Novice: 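Here it is, the structure, as structure tokens.
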Amino acid sequence: QVQLVESGGGLVQAGDSLRLSCAASGRTFSSYAMGWFRQAPRKEREFVAAISWSGASTYYADSVKGRFTISRDNAKNTVYLQMNSLKPEDAAVYYCAAGHILRVGVKDYGMDYWGKGTLVTVSS
């Protein structure tokens, strides 16, 4: 099992950048695929980005492609989400997730463990 703690959320203006971090517990972090999801008020949780255990493969929602970058540092048990050119519609609670098997395109991408989330607010 892995425990996930997100950080880095906050209030920014449209066009600004923000980097989210997710620290994972446990020795087997490098064996997990990792993902970022978000949920805006009155909306369902949606996929944002995912990365394979090695970092060799990354996947993005169309809405963030070209603006967001997911990365991981297995030595630090941490996954990151660099968010550039933020828009008001990016505002949401962002959740970090870990999964034994990355299932691209499947609901929640096969994630098994979830953090409690970090709030990102974008003012126009």
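Predicted model only: the values in this text are computed from it and were never measured.
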Novice: I'd like to know if the side chain of S52 and the backbone of S57 have a donor-acceptor N/O pair within less than 3.5 Å.
Specialist: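 Yes; at least one donor-acceptor contact below 3.5 Å.
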Novice: With a 3.5 Å distance limit and no angle check, can you tell me whether N84 reaches the backbone of T69 through a side-chain donor-acceptor pair?
Specialist: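 Pair absent, no side-chain N/O of N84 close to backbone of T69.
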Novice: Could you go through L20 and Y80, starting from their C-alpha distance and side-chain angles, then the distance that decides it, and tell me whether this counts as side-chain contact (heavy atoms from CB on, under 4.5 Å)?
Specialist: CA-CA 6 Å; L20 305 183; Y80 305 97; over 6 Å; no
Novice: For the CD atom on Q3, are there more than 12 heavy atoms of other groups (residues, nucleotides or ligands in this structure) within a distance under 6.0 Å?
Specialist: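 Open: at most 12 neighbouring heavy atoms sit under 6.0 Å from CD of Q3.
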Novice: Does the side chain of R67 come within less than 4.5 Å of Y60's, by heavy atoms?
Specialist: no
Novice: Of the non-hydrogen atoms in Q1 and Y32, which two are nearest, and what is the gap between them?
Specialist: N-OH, 4.0 Å
Novice: Please answer: with hydrophobic residues joined when any side-chain heavy atoms are less than 4.5 Å apart, are I51 and W114 in the same cluster?
Specialist: no
Novice: Per the disulfide bond (SG atoms under 2.5 Å apart) rule, what does the pair list look like for residues 27-85, sequence neighbours excluded?
Specialist: none
Novice: Which heavy atom in A14 sits nearest to a heavy atom in S124, and how many Å separate them?
Specialist: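 Closest heavy-atom pair between A14 and S124: CB-CA, 4.3 Å.
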Novice: As an exercise, state the distance from CZ of R72 to OG of S21, rounded to the nearest 0.5 Å.
Specialist: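 Rounded to the nearest 0.5 Å, the CZ-OG separation comes out at 13.5 Å.
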Novice: Please confirm whether F68 and W36 have ring centers closer than 6.0 angstrom.
Specialist: no
Novice: Could you pull out all donor-acceptor pairs under 3.5 Å where a side-chain atom in residues 40-50 meets a protein atom, sequence neighbours excluded?
Specialist:
| residue | atom | partner | partner atom | Å |
| --- | --- | --- | --- | --- |
| R45 | NH2 | D108 | OD1 | 3.4 |
| R45 | NH2 | D108 | OD2 | 2.9 |
| E46 | OE2 | R38 | NE | 2.6 |
| E46 | OE2 | R38 | NH2 | 3.2 |

Novice: At their closest point, which heavy atom of V79 faces which heavy atom of C96, and how far apart are they?
Specialist: CG1-SG, 3.8 Å
Novice: Could you tell me if the side chain of Q82 sits less than 4.5 Å from the side chain of I70, heavy atoms only?
Specialist: no
Novice: Are side-chain heavy atoms of H100 and Y113 found at a separation under 4.5 Å?
Specialist: yes
Novice: Whether the side chain of E6 engages the backbone of K116 through a donor-acceptor N/O pair (distance < 3.5 Å, no angle test) should be reported.
Specialist: yes
Novice: Examine Y95 and V104 and state if one hydrophobic cluster contains both, with Ile, Leu, Val, Met, Phe, Trp and Tyr joined whenever side-chain heavy atoms are less than 4.5 Å apart.
Specialist: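 Both belong to a single hydrophobic cluster.
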Novice: What do the steps show when you test D16 against L18 for side-chain contact (heavy atoms from CB on, under 4.5 Å), and what is the final call?
Specialist: CA-CA 7 Å; D16 285 352; L18 203 59; over 6 Å; no
Novice: Using the rule that Ile, Leu, Val, Met, Phe, Trp and Tyr join whenever any side-chain heavy atoms are under 4.5 Å apart, tell me whether V64 and L86 fall into a single cluster.
Specialist: yes
Novice: Please determine whether residues Y94 and V122 belong to a single hydrophobic cluster, defined as Ile, Leu, Val, Met, Phe, Trp and Tyr linked transitively by side-chain heavy-atom distances below 4.5 Å.
Specialist: yes
Novice: How long is the straight-line distance from OG1 of T58 back to NZ of K65, given to the nearest 0.5 Å?
Specialist: 9.5 Å
Novice: Locate the shortest heavy-atom distance separating D90 from S85; write the atom from each residue and the value.
Specialist: OD2-O, 4.4 Å
Novice: V120 and G9: which non-hydrogen atoms are nearest, and at how many Å?
Specialist: CG2-CA, 4.2 Å
Novice: Looking at every heavy atom in both V2 and A24, which two are closest together, and how far apart are they?
Specialist: CG2-CB, 3.8 Å
Novice: Which value, rounded to the nearest 0.5 Å, describes the distance between M34 atom CE and M111 atom CE?
Specialist: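 With rounding to 0.5 Å, CE (M34) is 7.5 Å from CE (M111).
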